[in-house]
Each structure stands twice: as C-alpha cells, then as structure tokens.
Amino acid sequence: MSDDVLRIVHVYPEELGVSGDRGNVTTLVERARRAGIDSEVTEYRIGDDVPSVADVVVLGHGPLSGVRSVSVDAVRLRDAFEGFARSGVPVVAVGGGMELLTRGVVTVEGDTVEGVGFFDALVRRGAPRRTNYFQVTTQYGGDDLTLFGFEDHAAHLELGAGSRPFATVVHGGGNGSDGAEGVVRGTSFGTQLKGPLLPLNPGLTDRILRTALSRRGISYGLTPAHEKLDQYAAASQRVIADNLERSFKAM
Amino acid sequence: MKYVVPVLAGRIVRALARLRGGGSAYPGRTVLALAPDFLTHVSSQFERGVVFVLGSNGKSTTTMMLTETLRAHGLTVFTNPTGANLPQGIASAFLREVTPFGDVKHDIGVIEVDEAFAVELTKSLNPSTVLMLNVQVDQLYRFFETERVGTMMTDTAALATSSVITNRDDQHLGPYTARPGQSVTRFGAAPAVVAASPNGLQNANDFTRRADDSLDAQAEVLTLDGAGATIRVGDVTVDVQLPARGLHYAVDAAAALQTASVVLGGPVDAVAVSRAFDGMKPAYGRGERMSLGTDEAEFIMFKNAASLQMNLDALPQGVEQVMLAIDEGTPDISWIYDIDFSHLDHVDVLAGAKAWQLALRLEHEGIPVHVIEEDISKAIRLMRALPSPGDRTKHFVTNYEQMMLARRILGHPDLEKSA
Ligand SMILES: [Zn+2]
C-alpha cells in the first residue's frame, strides 16, 4: 500500500447506512481521486478488529434499532476514537451515527441506549418529528460555510457544558430551540444534515479532506475534474434553497 | 333499510364530485358519517371472507394478481382500486358495488390496505386472511423506523381469523408464527433466482435478529426470464407471463398464488392461472406502455430505493434511451447513493426539480448525462425528438408525481383516483 493513500474507515455500513450514507464515503473517495489521490476504504462491522489507523472515519444514519444493535460492540471503539481525536483524524457522524457517539440515547420509553461517549452530549428521542430542508452555517475548518441538506429526526441533542455545536441553524430545527446544530469536537463533528451531507456540500468535504490529508503531509487541491461535481452540487443547493419553506408530510 | 339513505347520500356526493372533476374520498366519508358500520355491513357479506394485502411495495400489483387468479377460478371478487387503501377510499369503492340496500353479491373481498390504517381496519373489515408482502426502506421517512412498519403488519396479521401468508425472505415478516386458530404459509424466491438478480430482493434488514434459513416456502419462484416466471405453488408448477419485467413482480405473483391456494382451500389450476396472468395489464406506471410518435414510451414508477433498484435491475442491459425524473414529491433522496445505477451506461434526459441531485449522483459514478431539464414537458419533448431506438421503446423511470404529469402530457387521464 502506497504511503499517500487516503485511509477511510466506514463504521457499521449496514446498521448505520439507511439514508444513503455510503454517499459520504463515495464523495470523499471521488473528490480525492479527482485530485490524484487514491483511497482505501475499510468497513468496520460488529466483531471486527478495532481499526487502529485512519485518516477519516465516517458513520452514517440508522434507525434506533440500528443504533441499539451496535451499541454494545461500539464500546470497543472508544479508545481508538479517543486516539483519532488526539491525532486530529476527523470523525464524521450523521444522524444515528452521531447519536451513537454521544453519551447515550434516552428513548421515548425512557430507557437509555448507551453511547460511546465520544461527544459530550445526550440525545433525547421523542421530540416532535422534523422532516424539512435544512440550512445551517458552520465554521468547521475555516470561515462561515453555508450547508444545505435534509433534516429528518425526532430528537433533541443536549450538549455538555464544554461542548460546542457544529453549526448554527439558518432554516430548520437542529438540536433543540437554541439554533444550535450538531456537535463538534476538534476536527470531528456530528450532525443531522442528510441528503447526504458530503456530496451536496463539496465545500465541507474539501475541508475534511484537507484536514485528513494535511496530517499526512499530502496536499489536496481542486482540479478541472472537480468542476462538474461542484456545478451539480451548486444547482442542487439552489433548488433546496428555493424550496426551504416547503413542508413535507410525515406520519 | 338502514343503509338506503347513507348509500344514496354517498352516491349523490360522488356524482357531485364527478361533476367538479375529482374528489374520491368524499363519497366514502359521507357514507361512513351516516352509517359508521357500513364497512362491516358490506364486508360481512363476503362468503369467503376478506383478504388484506399489506406491504411496502407491490400491494397494487399483488392485489390485481390475486383478484384475477381468483376470478379465473370462478369466484366473484370485490377489490379496491389502486391507491384507495384508506378507510374512506375503501368505503367509496364499496359504494360503487352495493345495491341501494347496501348488499353485495361477491364471494370475497381482496383489499389492499395502507399499513398505518391496517390494525384499525381489522375492526370494521374482520379479515379472514392477511397477506404480508415485504418491509422495505421507503417507509423510514414515513414511519421513522422500519421495525415499526413491520410491527404494524404483524400486529394486523395477528388479527386474521384464519390464515396468514407471509414472505419467507423478509427478515421482519418471515418468522411470523401462527396465533391460535391460524394457519401460516410462506412464499419466496429460490436462492438461485435471487442470486441472479444484481441487487437481490431489497427487503429491509431487521437488526434485532439474525437471518433464519430454516423457513420453508409453500410457493416459490423457481425461474425468471424477463417477464416469464415459473412458480411452484404447493405441488403445482405454473408458468406465468408477468405484467412487467422484474424479480419483484415474480415474488408478488408467488405471494398472490399462495394466497389464492389458501383461499381456494386446495391447489390452483395451472391453466386458469396462466390465463389470468395473460390477461393482466401492467398496473398504472408499472411497466405501462403508451404511444410516443412512432415509438412507445414505457413508464416505470418508483416510490423508494427498493422499487427503483428492482426496476433498474429489470431494465435490459445498456438500454438505449432512458429518462429519469424525480421532483419534490419525493422529499429526501439521500438513498440515491445506495442505488446501483451500473445497469445504465448513460442517461438521455434527467428531469424534475431533483434532476441536479441525480446528476450529482451519476457524476460520482461516471455515468454520462446528456441533458438536464427540470421541466417535465420540455424533457418529454427532448425524449420524443430523439431518433427511434432499436427497441422502439423510450424508457421513462420516474417518481409518482412526475409520472402523473407525464401521463397527462401524453394525453392519458388520471384514472387512479377516480374511485
Ligand atoms: Zn441514449
């Protein structure tokens, strides 16, 4: 394996992969490829050897049953994830994946699904269900960056005293009523932005790639090969921006 | 005499609604308001009871297959039109068939039911038989949790008074066990048939249990070639021509035939089955064909990831001309990143407000897109203007809303909601 390969770890691709979350991995691989950088994707499943090396870690969204089914195994990942945090490896966690990495999920029935405790936050399920287009602004990895996507959850995210949100809500719900969205810890973050997040928001993907690759001394730059991806993503964002007020029926 | 006024009122409302060009739920709502037990009154007259058809995908197609199979065996069958699967819709459908006294002559009712209303509807319709097709992931958006959808179906099945037919190959539904007084039988597809399908059956995973290989299927898809399928039902093997290509239709057929066999209380007649299937037209937008200049347009509608994948997998390899269309009617399309589009070597036209999101997805895969045109009528004009393809077929793969617009543009009226 060559030294300049981007090493991606995709955690629980089935249980936490019900809303096209593989697309976040696809985009990391494809944008790196168009910059001349090869990737190696390792899928981590229940019972596998705990990954010790990674340049970026991706967790996707899953229903509560998915989160519950991996929660016992996930405890084994705790030390590895702490190590990633110390060395600046971005852990990107969406929806149920973010919930898994909090201290836990308090369900509607009142029991708690134990989390990894990577993010100092607690999830309370049973909030009014949100299904809407989602616009937030983040300062992850740089200046204000506007992100678009889809919000689909029924949870409140309570941040611990020392925790900061990943973004500020422009349109949509987010963590609760305070306009905060998600949670950030160093170069890692959790968010409810789906759509999926990374294909729709190449600006964010590029910040993650730069963070992941600069640690390894690999430079990442845009090329003409990125133009079509960026153009289609911009048009997709424009359509979402035009439809922000649209309300979707959820049962 | 109790039902004369409600039935009359419902029919007047229907006539008025027709004059104003729409409104299918009002007649049903009217009759239910005046006679709350109308559904029970009608359904209790079916000598062979009521069959519920439940599932994330394939309810309409399976209901049609079951209905036609039973008719080919000499039964008179009441059924509700596609999509009229809520209480008011079912009441509206009954209203069309009953005498002024609220009486029906049919032997059996075969009724597709929306999962969310199924348990409630057992109270008024008292199903003797419940058929559960599949749990697939579209419902995650609608109901948040797939297992909740699965539970809605199994809770309904538990209330069947005599028989349950379930999908051996569905992790949520396959393990269903009989409640006292019930018989449970299963349908499925032979492993070799599933293996030959590039992306399998698309049933949702149940993360609370491991796969169970010990279940038997009394009806099984043995072979599939295009739209031709061989299905074993008990000891009988039948060849059927499916209304459209695709493994999902073959599995629907196995489900329908197993249910028919249970309802008939014995083996199906292979000749009658073949005849029933030969006469079937594809349901609305499920492989439906209509003329487009000197060629034909074939419409394939998808509701979610599972149905899009199954339909793409059923397309001929390297299809010459194809349009994909998706709009705001499908709110969250994150799942397009889980779809295997490799069956397509290009797309001629992408349409609908979400065309750009599809373009972005296909660009990641290196699948060329020739034109992106959000406006469906312009997009259809572009497809029409393409030279005649070798298979004389221009394929339209669309979500429900884009299909409705496209049908109208091509001069086909909206039949689905005129119940
Ligand atoms: Zn073409």
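Throughout, protein chains are lettered first and strands after them, A, B, ... in sequence-line order, and every chain is numbered starting at 1.
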Problem set entry | Proximal component of B:Ile372, with respect to chain A [non-hydrogen, under 4.5 Å] |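 Just its side chain gets close to chain A.
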Problem set entry | Residues of residues 225-237 of chain A within contact distance of chain B, non-hydrogen under 4.5 Å |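 A:Lys228, A:Leu229, A:Tyr232, A:Ala233, A:Ala235, A:Ser236, listed by number.
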Exercise. If you measure from OG on B:Ser334 to CG on A:Asp152, what distance do you get to the nearest 0.5 Å?
Worked result: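 That separation rounds to 8.5 Å.
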For this session: Could you tell me the separation between the OG1 atom of A:Thr27 and the OH atom of B:Tyr337, rounded to the nearest 0.5 Å?
Result: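 Result: 5.5 Å between the selected atoms.
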Measuring only between side-chain heavy atoms, which start at C-beta, is [X] closer than 4.5 Å to [Y]?
X	Y	value
B:Pro331	A:Phe150	yes
A:Leu200	B:Leu360	yes
B:Arg361	A:Pro199	no

Considering only heavy atoms, which portion of [X] lies under 4.5 Å from any heavy atom of chain B: side chain, backbone, both, or neither?
X	result
A:Arg22	both
A:Arg33	neither
A:Leu197	neither

For this session: State whether the side chain of B:Asp338 and the backbone N or O of A:Gly20 hold a donor-acceptor pair below 3.5 Å, judged by distance alone.
Result: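 Answer holds: yes.
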For this session: Could I get the full list of side-chain contact (heavy atoms from CB on, under 4.5 Å) partners for A:Val239, not counting sequence neighbours?
Result: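 Expected list: A:Asn243, B:Glu328, B:Ala353, B:Trp356, B:Glu374.
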For this session: Identify which of A:Arg68, A:Lys194, A:Arg34 forms the greatest number of heavy-atom pairs closer than 4.5 Å to chain B.
Result: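 The candidate making the most pairs under 4.5 Å is A:Arg34.
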Problem set entry | side-chain contact (heavy atoms from CB on, under 4.5 Å) between A:Ile240 and B:Gln357, intermediate numbers included | CA-CA 10 Å; A:Ile240 292 175; B:Gln357 288 199 49; 4.0 Å; yes
